[in-house]
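Shown next, in structure tokens, is the structure this report addresses.
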Amino acid sequence: MAVTGDETAATGDMPTYQIRAPTTALPQGVVMATSPGSLHSPQQLAEEATRKRELRLMKNREAAKECRRGKKEYVKCLESRVAVLEVQNKKLIEELETLEDICSPKTD
DNA sequence: CACGGCCGGCGTCACTCAAG
DNA sequence: CTTGAGTGACGCCGGCCGTG
């Protein structure tokens, strides 16, 4: 996946990490039921709202799990990449030292 | 043991963003 | 504008480990 210029393309390689202040905790559980013609009594409306909320929570629960799983995988990926790059870097440094030895004028 | 600190996982809320 | 998916932040809980 090509990160399109945008530094946070949120596509596996660079998740969008955002810091947010803990905004005022509104009381919630308030779900607006967009009155589908078939529902009338407040009772039914409330039940529908509850059902929707539970569904939403369930989906979000699953989404959160998946999100964490993906994040862990992403971090593991980065860590192994770091390991590879460290080895590569070490080799290059060694090579550089060897070449410097070969090329340096002998003083004695 | 009992405890306290640290860590990882979970559920939920609040928010953003893209699609319809 | 509405809706659904994705994700950061927060708080809680249980397990592990070192220390007195």
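We name chains A, B, ... by the order of the sequence lines, and we start the count at 1 in each one. Note that the coordinates shown come from a computational prediction; the quantities given were computed from them, not determined experimentally.
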In this structure, how many angstroms lie between the P atom of C:dT3 and the CZ atom of A:Arg53, rounded? 17 Å

Sequence neighbours excluded, which residues qualify as salt bridge (Lys or Arg N to Asp or Glu O under 4.0 Å) partners of A:Lys59? none

Would A:Lys91 and A:Glu94 count as a salt bridge (Lys or Arg N to Asp or Glu O under 4.0 Å) if you check the C-alpha gap in whole Å, the side-chain angles of each, and the deciding distance to 0.1 Å? CA-CA 5 Å; A:Lys91 279 186 185 166; A:Glu94 281 171 10; over 6 Å; no

How is the hydrophobic cluster of A:Leu96 composed, in terms of its other members, when Ile, Leu, Val, Met, Phe, Trp and Tyr link through side-chain heavy atoms under 4.5 Å apart, directly or indirectly? none

Over how many whole Å does the gap from A:Glu62 atom CD to C:dG6 atom C1' extend? 14 Å

Output, in order, the C-alpha distance, side-chain angles, deciding distance and verdict of salt bridge (Lys or Arg N to Asp or Glu O under 4.0 Å) for A:Glu86 and A:Lys90. CA-CA 6 Å; A:Glu86 275 174 352; A:Lys90 211 171 172 184; over 6 Å; no

Rounded to the nearest angstrom, tell me the gap between atom CG in A:Asn60 and atom P in C:dA5. 10 Å

Using the salt bridge (Lys or Arg N to Asp or Glu O under 4.0 Å) criterion, which residues pair with A:Arg51? Sequence neighbours excluded. A:Glu48

Residues two or more places apart in sequence or in another chain: which of them pass salt bridge (Lys or Arg N to Asp or Glu O under 4.0 Å) with A:Glu100? none

Charged N-O contact under 4.0 Å between A:Arg69 and A:Glu66: yes

Rounded to whole Å, how long is the line connecting atom CG of A:Leu57 with atom C1' of C:dA5? 15 Å

State which residues pass side-chain hydrogen bond (donor to acceptor under 3.5 Å, both in side chains) with A:Glu47; sequence neighbours excluded, sorted by chain then number. none

Return the set of residues passing side chain to side chain contact (heavy atoms under 4.5 Å, CB included) with A:Leu55 (not counting sequence neighbours), or none when no residue passes. A:Met58

Under 3.5 Å, which protein N or O atoms sit close to an N or O of nucleotides 12-16 of chain C? Give each pair with its distance.
none

Rounded off to whole Å, could you give me the CG-to-C1' distance for the A:Leu55 and B:dT12 pair? 15 Å

At a cut-off of 3.5 Å, list every protein nitrogen or oxygen paired with a nitrogen or oxygen from nucleotides 8-11 of chain B, distance to 0.1 Å.
residue: B:dG9; atom: OP1; partner: A:Lys72; partner atom: NZ; Å: 2.8
residue: B:dG11; atom: N7; partner: A:Arg68; partner atom: NH1; Å: 3.1
residue: B:dG11; atom: N7; partner: A:Arg68; partner atom: NH2; Å: 3.1
residue: B:dG11; atom: O6; partner: A:Arg68; partner atom: NH2; Å: 2.3

Suppose we screen for side chain to side chain contact (heavy atoms under 4.5 Å, CB included). Which residues come up paired with A:Gln88, at least two apart in sequence or across chains? A:Val84, A:Leu85

What N/O pairs connect the protein and nucleotides 17-20 of chain B at under 3.5 Å? Give each pair on its own line.
none

Across all chains, not counting sequence neighbours, the side-chain hydrogen bond (donor to acceptor under 3.5 Å, both in side chains) partners of A:Arg56 are none

